Amino acid sequence: MENSAFKAAILEGIPGELPLPQPYDTNINHAPRRKDILSADEKKLALKNALRYFPQKFHTVLAPEFLNELELFGRIYMYRFRPGYEMYARPIDEYPARSKQAASIMLMIQNNLDKAVAQHPHELITYGGNGSVFQNWAQYLLTMKYLAEMTDEQTLVMYSGHPMGLFPSHKNAPRVVVTNGMVIPNYSGRDDYERMNALGVSQYGQMTAGSYMYIGPQGIVHGTTITVMNAARLHSPGDAAGKIFITSGLGGMSGAQPKAGVIAGMVCVVAEINPKAVEVRHSQGWVDEVYTDLDELLARMKTARENKEAVSLAYQGNVIDLWEKLAEENFPVELGSDQTSLHNPFAGGYYPAGLTLEESNQMMADQPELFREKVYESLRRHVAAVNKMTANGMYFWDYGNAFLLEASRAGAAVTDEKGGFIYPSYVQDIMGPLFFDYGFGPFRWVCTSGDPKDLETTDRIAAEVLQKLAAKSPEEITRQMEDNIHWIREAGRNKMVVGSQARILYADCTGRTQIAKAFNDAIRDGRISAPVVLGRDHHDVSGTDSPYRETSNIYDGSSFTADMAVQNFVGDAFRGATWVSLHNGGGVGWGEVINGGFGMCIDGTPEAEERLKMMLHWDVNNGISRRSWARNKPARFAIEQAMKENPQLKVTLPEEADDDLLDSLF
């Protein structure tokens, strides 16, 4: 499609004439059919809600069509209105927009829905089985039209994928404010989500799906790499070469695991039941070899260990079969985890043993209670096999996908006599004390030109900034700095770009701010040819309150509060973010977490420099101060350093109580 036709399609929004129905594309990885949860009256309401996007003259055609979608898929996606143009992140100047900031958001939305990036692109789901950008294609069309029309004196308000409209604001306000799944707390159960999503009134935005900041599996590969590297350093003797890491999931975020294992120098074995997911990751080079026979796989693992290869092996099959085979053979494994989407266990996030993919997809829709029993039975088997492996010396951790939480609900043997989990989350053991408490988190950027040369320039600039900072960094963060310098110098060589020209690294407040300022200077000087979008994963120092993941190393009783994430969202908004988001759910599930995110478009101007300095300082130090107040010693060190560097920062510090004194009272 010519760019002029693309621009015209964006500006049209909802078409004035009904487009022809589109065939169901079987070459695309589609979302599973959702369970039939609505009553007859609720189905009528769902149809009313869907039809309000269209003039009445279309209703006679669309009403039965939408009802058919609801009956077939459990949702109204409005497939007829899926755009005819290719969905990918175009260079920023190719978007019809009155505001560069708005154009940068359009680019990020399209990247989230790129078929090379998104898990279920035609259902507008980016990753995690239900992490949605929009609920239906009408919402996409309207949102893109609003973004094309808006000025820097307006803000677009998004309610769970629905564009409520453009509202007058000012040039320093966010261009877009996003909320997803912000339901009344007592109505945050799984069936509440299924019902509200089927009605078209709420959605699960995951973390970076519904906030337009997903950059493909690269977005998590660095965090996965440093997690695996540090797990090997802390919990098994010797270097990483030849060590085996067993896990599962090759969908969205989980697709980062094989690449991370190879970068860490290990043998990474990932089970995945969906052949399409395996095919995608293998074709993209994120998986080296694919096996369907367990005996052949174990033989290959043995050879790879002996040769100390850095290689990724996919097992196309059920992870439970893999774990049980390893336990039965008493096969030595150093590291183990799981990244199936167990925040979504009964709607495509976890597939039970003994059923094919197709049988599972049918059962979860037609016999949901039986499917739930099969999932829980499999979780008990899954845990039993893992327990045998850890008894033989394997280190296992929860990867923040609600594995331990859901396994405990299934009655699996994952709790101790006090009711706590017998395995740590990776935040408790690794990411919390080594990274988050010191302010290090997943800082990311996207070159809106779409030019790989701009990405190479940003890589080089980031490496130079980190090298200078490392020379004077305190001993407490020396290893973190060294790992990140190695990472960014190797990033281009590892060919991690899927979709937009994007990069990620772990940096603290000083690192993020100085890298961002250096980018802004390079845009101003013409060394980078177009604006750069800054962002992060919500999985960070400040963005997320999640007691089973991001804040699982908060031990003062506040891990179930969400003040930090909400304050983060609000503070980013008035300190200069281009867009902000606040979500219920993400990573560990609907009702289990609140997380806030941002995006910032920098364009080389002095105003952009002021915004990035102010916003990034808050975005990191909000979380460090909370972690310090929870008496996390690394965070206390980090916030005291921050107060020395900026006299305007004054944070309440905790006094330490004497444990012997308290013990004497009981």
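Just so you know, these numbers use all the heavy atoms, side chains as well, and skip hydrogens, waters and symmetry mates. Quantities reported herein were computed from a predicted structural model and do not represent experimental measurements.
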If only side-chain N and O atoms count, and only distance matters, is there a donor-acceptor pair under 3.5 Å linking Thr510 with Asp508?
no

Indicate the ring-plane relationship of Tyr506 and His222, choosing parallel, tilted or perpendicular according to the 30° and 60° boundaries.
perpendicular

Do Arg34 side-chain atoms and Ala347 backbone N/O form a donor-acceptor pair below 3.5 Å?
yes

What are the two closest non-hydrogen atoms of Arg536 and Phe443, and how far apart are they?
CB-CA, 4.4 Å

State whether the number of non-hydrogen atoms from other residues, nucleotides or ligands found under 6.0 Å of Tyr187 atom OH is greater than 12.
no

Just verifying a value: how many Å separate Met106 CE and Glu94 CD, rounded to the nearest 0.5 Å?
11.5 Å

Taken to the nearest 0.5 Å, the spacing of Met164 CE from Thr155 OG1 works out to 14.5 Å

Taking the six-membered ring for Trp, are Trp137 and Tyr140 parallel (under 30°), tilted (30 to 60°) or perpendicular (over 60°)?
perpendicular

Any Lys/Arg nitrogen of Asp437 or Arg627 sitting under 4.0 Å from an Asp/Glu carboxylate oxygen of the other?
yes

Assess the residue pair Gln119 and Thr126 against the criterion (side chain to side chain contact (heavy atoms under 4.5 Å, CB included)); give the C-alpha distance rounded to whole Å, side-chain angles, the decisive distance to 0.1 Å, and a yes or no.
CA-CA 5 Å; Gln119 184 181 16; Thr126 301; over 6 Å; no

Within 45° of the axis and under 6.0 Å from the centre of the six-membered ring of Tyr88, does NZ or CZ of Arg90 qualify?
yes

Polar side chain donor-acceptor pair, His122 to Asn29, under 3.5 angstrom:
no

Just wondering, more than 12 heavy atoms not from Lys7 lying within 6.0 Å of its NZ?
yes

side-chain hydrogen bond (donor to acceptor under 3.5 Å, both in side chains) between Glu550 and His539: does it pass, once the steps are laid out?
CA-CA 6 Å; Glu550 282 78 4; His539 169 65; 2.7 Å; yes

Do the charged groups of Lys613 and Glu609 touch, with an N to O distance under 4.0 Å?
yes

Show the numbers, then the answer: is there a side chain to side chain contact (heavy atoms under 4.5 Å, CB included) between Cys509 and Leu616?
CA-CA 7 Å; Cys509 179; Leu616 291 175; 5.6 Å; no

Can any side-chain N or O of Gln206 pair as donor or acceptor with the backbone N or O of Gly586 at less than 3.5 Å?
no

Can you tell me how the ring of His538 sits relative to the ring of His583, calling it parallel under 30°, perpendicular over 60° and tilted otherwise?
tilted

For Gln428, enumerate each residue passing the side-chain hydrogen bond (donor to acceptor under 3.5 Å, both in side chains) test, keeping only those at least two apart in sequence or located in another chain.
none

Between the side chain of Ser542 and the main-chain N/O of Val620, is any donor-acceptor distance below 3.5 Å?
yes

Please evaluate residues Tyr438 and Phe440 with respect to the criterion ring-ring contact (aromatic ring centres under 6.0 Å, His included), reporting the C-alpha separation (whole Å), side-chain torsions for both, the decisive distance (0.1 Å), and the verdict.
CA-CA 6 Å; Tyr438 285 112; Phe440 282 80; 7.3 Å; no

Among side-chain atoms of Thr224 and Gln257, is any donor-acceptor pair under 3.5 angstrom?
no

Decide yes or no for Arg549 and Val593: does some side-chain heavy atom of the first lie under 4.5 Å from some side-chain heavy atom of the second?
no

Are the side chain of Arg75 and the backbone N or O of Glu69 linked by a donor-acceptor pair below 3.5 Å?
no

Would you sort out whether Tyr77 and Phe134 count as a ring-ring contact (aromatic ring centres under 6.0 Å, His included), showing the intermediate values?
CA-CA 9 Å; Tyr77 297 116; Phe134 301 99; over 10 Å; no

Can you say whether the rings of Tyr214 and Tyr127 are parallel (under 30°), tilted (30 to 60°) or perpendicular (over 60°)?
parallel

Got a second to check how far Phe403's CZ is from Trp397's CH2, nearest 0.5 Å?
12.5 Å

Under 3.5 Å donor-acceptor, Thr605 side chain and Ala608 backbone
yes

Polar contact flag, side-chain donor to acceptor under 3.5 angstrom, His343-Glu406
no

Step by step, work out the side-chain hydrogen bond (donor to acceptor under 3.5 Å, both in side chains) result for Thr578 and Arg611.
CA-CA 10 Å; Thr578 304; Arg611 289 199 306 271; 5.3 Å; no

Can you tell me how far CD of Gln339 sits from CG of Asp398, rounded to the nearest 0.5 angstrom?
10.0 Å

Nearest 0.5 Å, what's the CG-CD1 distance between Leu612 and Ile602?
6.0 Å

Looking at Asn197, is its backbone amide N or carbonyl O close enough to the side chain of Gln203 to form a donor-acceptor pair, meaning the two atoms are under 3.5 Å apart?
no

Can you tell me if Thr208 and Asp537 form a side-chain donor-acceptor pair at under 3.5 Å?
no

Short question: side chain of Asp545, backbone of Met564 - any donor-acceptor pair under 3.5 Å?
yes

Does the Lys NZ or Arg CZ of Arg575 fall within the cation-pi geometry relative to Trp618 - under 6.0 Å from the ring centre and within 45° of the axis?
yes

Contact summary for Asn180 and Ser160, nearest pair of heavy atoms:
OD1-CA, 3.3 Å

Whether Ser99 side chain and Ala102 backbone form a donor-acceptor pair below 3.5 Å
yes

Between Arg82 and Asp25 (salt bridge meaning N to carboxylate O under 4.0 Å), is one present in this structure?
no

With no hydrogens and no angle check, just 3.5 Å: does a side-chain donor-acceptor pair link Asn584 and Ser188?
yes

Decide whether His30 and Glu123 meet the rule of one side-chain donor and one side-chain acceptor closer than 3.5 Å.
yes

Quick check: does any side chain N or O of Asn111 sit under 3.5 Å from a backbone N or O of Met108, one acting as donor and the other as acceptor?
no

Carboxylate-amine/guanidinium contact Glu153 Arg98, below 4.0 Å
no

Hey, is the main chain of Gly597 close enough, under 3.5 Å, to the side chain of Asn568 for a donor-acceptor pair?
no

Ser248 and Asp338 side chains, donor-acceptor separation under 3.5 Å:
yes

Determine the minimum heavy-atom distance between Leu534 and Ala516, stating which atoms define it.
CD1-CB, 3.6 Å

If you apply the rule salt bridge (Lys or Arg N to Asp or Glu O under 4.0 Å), what do you find for Lys145 with Glu149, and how did you get there?
CA-CA 6 Å; Lys145 179 178 171 64; Glu149 294 173 344; 2.9 Å; yes

Taking only Lys NZ, Arg NE, NH1 and NH2, and the carboxylate oxygens of Asp or Glu, determine whether Arg503 and Asp459 approach each other closer than 4.0 Å.
yes

Taking atom CZ as the centre, does Phe6 end up with more than 12 heavy-atom neighbours from other residues, nucleotides or ligands that are less than 6.0 angstrom away?
yes

Mind running side-chain hydrogen bond (donor to acceptor under 3.5 Å, both in side chains) on Thr225 and Trp487 for me, showing each step along the way?
CA-CA 9 Å; Thr225 300; Trp487 162 265; over 6 Å; no

Which atoms form the tightest heavy-atom contact between Phe519 and Ile528, and what is the distance?
O-CD1, 4.0 Å

If I compare all heavy atoms of Trp579 with all of Pro174, which pair ends up nearest, and what's the gap?
CA-CB, 4.4 Å

Compare every heavy atom of Val117 with every heavy atom of Val498, then report the nearest pair and how far apart it is.
O-CG2, 3.5 Å

Measure the CG-CE distance between Asn136 and Met78 for me, rounded to the nearest 0.5 Å.
3.5 Å

